[in-house]
Every structure is written in structure tokens, then in C-alpha cells.
Amino acid sequence: QVQLVESGGGLMQAGGSLRLSCAASGRTFTMYPMAWFRQAPGKEREFVGAVTTSVSSTYIADSVKERFTISRDNAANTVYLQMNSLKPEDTAVYSCAASRFSYSSASSYFRPNSYHFWGQGTQVTVSS
């Protein structure tokens, strides 16, 4: 079992930057692939980025590829989402997630149902 707590969201003007953090409890953090998803009002949950256990691979959605970076610090039990050049369309609740399993197919990391533990989410609002 792992508990996830996100922080770092807030209100930002377009063009600004935010860094989201997701702190995980438990001693087995290094065993879990981690991801960020977001959900805007009236829209489906959307994959943002994922990082494997050993940080050997990271994945970022095409919609944010040139602007967002995912990373993890296993010593700190924390995964980060650095968001630069924010746009109003980035407004959403951002949630981190952990999976019990590592996947051989990269596309598996893009699906919400591949993850077993979720944080409560943090609101990011970008004004124009």
C-alpha cells in the first residue's frame, strides 16, 4: 500500500512555471512506476507523464512534450512534474498515481487503469 500527496498547484499566468510534487509514503516507493494525469472540467482524465522505477524511462504526452518534465527522487520518495510555458488549456486537477507493476509496453503507462494508487489531486489554474 502507498499513499500519495500532491502539492505545488495554484494560480499562474500564462507563460509561467510551476513544479508539482507528489510525496509517497512507504518503504517500497522505488518499486512503483509513477505517473501524472490531469482532468479538466467536463473532460476525461488525460495522461501527462510517467517515469519508471529506475528512472530508465520517462514518457511525456505529446500535448506537453516541449514544456513539461517528469522526474523522481527515490531517496526522497517524491515524483515531480515541472511545468513551463503554461497555457490556459493546462488548467486542470493534476493527480499522481503509482502502479504495482512495471510494463513492457510503453502504452500501458498511458492508461489510468494501469495504476493502483492515486493522490487526491492538486488544482492548477492558468489565466490568460
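As a basis for the values below, the full set of heavy atoms in this structure was taken, side chains included, without hydrogen atoms, waters or symmetry mates. If you're wondering where the values come from, they're calculated on a predicted model, not measured in any experiment.
Cluster note: Tyr103 groups with Phe37, Phe47, Tyr59, Phe101, Tyr109, Phe110, Tyr115, Trp118 through ILVMFWY side-chain heavy atoms spaced under 4.5 Å, whether in direct contact or through intervening members. Under a 4.5 Å side-chain heavy-atom criterion applied to ILVMFWY residues, the cluster that includes Leu11 comprises that residue alone. Here Met31 is tied to no hydrophobic group at all, with no ILVMFWY side chain closer than 4.5 Å.
A 4.5 Å side-chain heavy-atom check between Leu20 and Met83 finds at least one atom pair inside the cut-off. Within the 4.5 Å cutoff, the side chain of Val51 has heavy atoms near those of the Thr58 side chain. For the pair Thr69 and Ile60, the minimum side-chain heavy-atom distance is 4.5 Å or more.
Closest of all the heavy-atom pairs between Lys43 and Gln39 is O-NE2, 3.0 Å. Contact record, His116 with Arg100: ND1-N, 2.9 Å, taken as the closest heavy-atom pair. Of all heavy-atom pairs between Pro88 and Ser127, the closest is CG-C, 4.5 Å. Between Gly9 and Val124, the shortest heavy-atom distance links the atoms CA-CG2, 4.1 Å. Residues Ala14 and Ser128 approach most closely at CB-CA, 4.3 Å, considering heavy atoms. Shortest non-hydrogen contact noted between Ala24 and Val2 is CB-CG2, 3.9 Å.
Note that OG of Ser99 and CG of Asn113 are 10.0 Å apart. Values are rounded to the nearest 0.5 Å. With values rounded to the nearest 0.5 angstrom, Leu86 atom CG is found 7.0 Å from Met12 atom CE. Interatomic distance, CG of Leu81 versus CE of Met34, reported as 11.5 Å (0.5 Å rounding). A distance of 8.5 Å separates CG in Leu18 from CD in Gln82, rounded to the nearest 0.5 Å.
The list of side chain to side chain donor-acceptor pair (under 3.5 Å) pairs with a residue in residues 15-26, not counting sequence neighbours, reads Ser17-Asn84. Sorted by first and then second residue, the pairs that involve residues 5-41 and meet disulfide (SG to SG under 2.5 Å), not counting sequence neighbours, are Cys22-Cys96. Sorted by first and then second residue, the disulfide (SG to SG under 2.5 Å) pairs with a member in residues 98-128 form an empty list; sequence neighbours excluded. The stretch residues 7-35 participates, sequence neighbours left out, in these ring pair (Phe, Tyr, Trp, His ring centres under 6.0 Å) pairs: Tyr32-Phe117.
Gln3 CD: 12 or fewer foreign heavy atoms inside a 6.0 Å radius.
No donor-acceptor distance shorter than 3.5 angstrom exists from the side chain of Gln120 to the backbone of Val5, with no hydrogens or angles considered. Remark: the backbone N or O of Ser108 is paired with a side-chain donor or acceptor of Ser114 at under 3.5 angstrom. Using a distance-only test at 3.5 Å, with no hydrogens or angles considered, a donor-acceptor pair links the side chain of Thr91 to the main chain of Val126.
Val93 and Phe68 end up in different hydrophobic clusters when Ile, Leu, Val, Met, Phe, Trp and Tyr side chains are linked at under 4.5 Å.
Residues satisfying the salt bridge (Lys or Arg N to Asp or Glu O under 4.0 Å) test with Lys87, not counting sequence neighbours, are none. Judged as a side chain to side chain donor-acceptor pair (under 3.5 Å), and not counting sequence neighbours, the contacts of Asp62 are Lys65. Under the rule for a salt bridge (Lys or Arg N to Asp or Glu O under 4.0 Å), the partners of Glu46 that lie at least two apart in sequence or sit in another chain are Arg38. For Arg67, the side chain to side chain donor-acceptor pair (under 3.5 Å) test picks out Asp90, with sequence neighbours left out. For Ser104, there are no side chain to side chain donor-acceptor pair (under 3.5 Å) partners two or more places apart in sequence or in a different chain.
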